[in-house]
Amino acid sequence: MVAAESEREVVEACRRGDRDAFRALFVAHKDRVYSIALRFSGDEATAMDITQDTFVKLFACMAEFRGEAKFESWLYRLVVNCCLDHRRKARRLVPLAESEIRRPFLSAENPAAQAERSETSRRVQAAVARLSPDLRLAIVLRYTEGLSYEEMAEVFGVSKGTVASRLSRAHKNLARRLSHLAKDWEMKDA
Amino acid sequence: MHEPLTGEWRSRLEQNLAAHLGMVRAPDSLWERVEAALEPRETTSVRGSAWRLAACLAVAAAAAAIWFAHRRPESPSTLEAAAMRVHQEFLGHPERLDLRTQSAAELRNWLGENSSLTAAVALARPQPDPDALELVGARWISFQGQRVAAIAYRVGVFPATLLIARARDLEPRQRESLTRKHIVVRNVEGTAWKLFSWETHGQVYALVSSLPDQSQRACVLCHVEPERRQMILRMKFSG
């Protein structure tokens, strides 16, 4: 993360076309943009394309950012739009289940635990992949980025109630699809 | 309405979603890709120059449209305020509709059978639809004792609301800001919404769009012709 004050300076420099400043902004936000893209698309190549498009678009319209909204909210909107644009272009996305996510941030588990975790991840991601785009984006912003209802409402341009409704529908859908994992999770908690 | 999940299952589900959908590290090669995409293309040709000239003309046309759209800073009319209120209600209570339909034909028939209003909602959309437009339905609102139609729809995940009123039913004060032939565009304070209003063929329209980027894309409810759509998408609004 870039501290708020220095981020403002970096954003300002980007608006003047400073390529080094843009690199700094890229470094600060690339993981979150890529993560959203990957969790949404389920495919590393598509996630790379979405991330690239997001940053190219960001650079192109940096001058339009007036600092009235939080920079991060603005960036999230760009990623969300790029995700939806890619979905429209690609008539069918590769299901998440077919893509193994190989770069977890933290991995200090033994191989057996990792294999089990990987299988659970695959199932969770496959279930998420089957959600409609608006529900999937709500889940991704909530659990990949940890956004509050209020922040999500700002990104989507909807009310907090709508965000809550989408998450509720998504949770019910996921609970149904992942019911076979309930026992495993219960045993782990016990 | 959807009842919330209860108990430990919900809590475990949320914990596992957070655990398995966490952030991942972006590949190191990403910056090279972004940097390459940012490099200006150096090839030039007569055809390229022609395209550039065409682009400049399009930008000039768009700038003229923006100037027209922004030259009057009056506060929103009560019809526009009603549009914002209905849009807010649509976001919070999408079930409050008099007609639920995804069919443009059904919507047009319903309007025709119940009023003298018409809606030029496109009957056929391109497949696949680049705007992922989804009609949700419509409802009646009472405005100055007159029936006004409110059409609810989504462009991708973003909701939009279009109000249609008969121009002659409105008080002159309501029409004052709409009597010219151009579109009035406003930012809605405290939100990312944009409000478009205009009058044509005896009807007054107020459109509220939640699209955070290219809010004018909400106009594709009616405008599906590729050239018209492109022209609409090229328009830029400040704020």
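All chains are named by letter (A, B, ...) in the order of the sequence lines, taking the proteins before the strands, and each is independently numbered beginning at 1.
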Could you pull out the closest heavy-atom pair between [X] and [Y], with the gap in Å?
X: A:H171; Y: B:L13; result: O-CD2, 3.5 Å
X: A:V56; Y: B:A37; result: CG2-CB, 3.5 Å
X: B:G22; Y: A:R39; result: O-NH2, 2.7 Å
X: A:N81; Y: B:F158; result: OD1-CE1, 3.4 Å
X: A:Q125; Y: B:L21; result: CG-CD2, 3.9 Å

Pick one of side chain, backbone, both or neither for [X], based on which atoms fall under 4.5 Å of a heavy atom in chain B.
X: A:D49; result: both
X: A:F156; result: both
X: A:V80; result: side chain
X: A:L84; result: side chain
X: A:R123; result: neither
X: A:L135; result: neither

Answer key: most heavy-atom pairs under 4.5 Å with chain B among A:A60, A:A47, A:A37, A:S121 is A:S121
In the structure I gave you, are the side-chain heavy atoms of [X] and [Y] within less than 4.5 Å of one another anywhere?
X: B:E35; Y: A:R23; value: no
X: B:H20; Y: A:Y143; value: no
X: B:V34; Y: A:F22; value: yes

request  = Could you tell me whether the side chain of A:S35 and the main chain of B:M23 form a donor-acceptor pair under 3.5 Å?
outcome  = no
>> Has A:D31 got a side-chain atom pairing as donor or acceptor with B:R25's backbone, closer than 3.5 angstrom?
In response: no
Neighbour count >12 (heavy atoms, 6.0 Å) for atom NZ, A:K57: yes
So does A:E150 have more than 12 non-hydrogen atoms from other groups sitting under 6.0 Å from CD? no
In this structure, CZ of B:R12 is separated from CG of A:L181 (nearest 0.5 Å) by 12.5 Å
Rounded to the nearest 0.5 angstrom, the OG-NE2 distance for A:S159 and B:H87 is 9.0 Å
Counting heavy-atom pairs under 4.5 Å with chain A, the top scorer among B:D129, B:N16, B:L30, B:L211 is B:N16
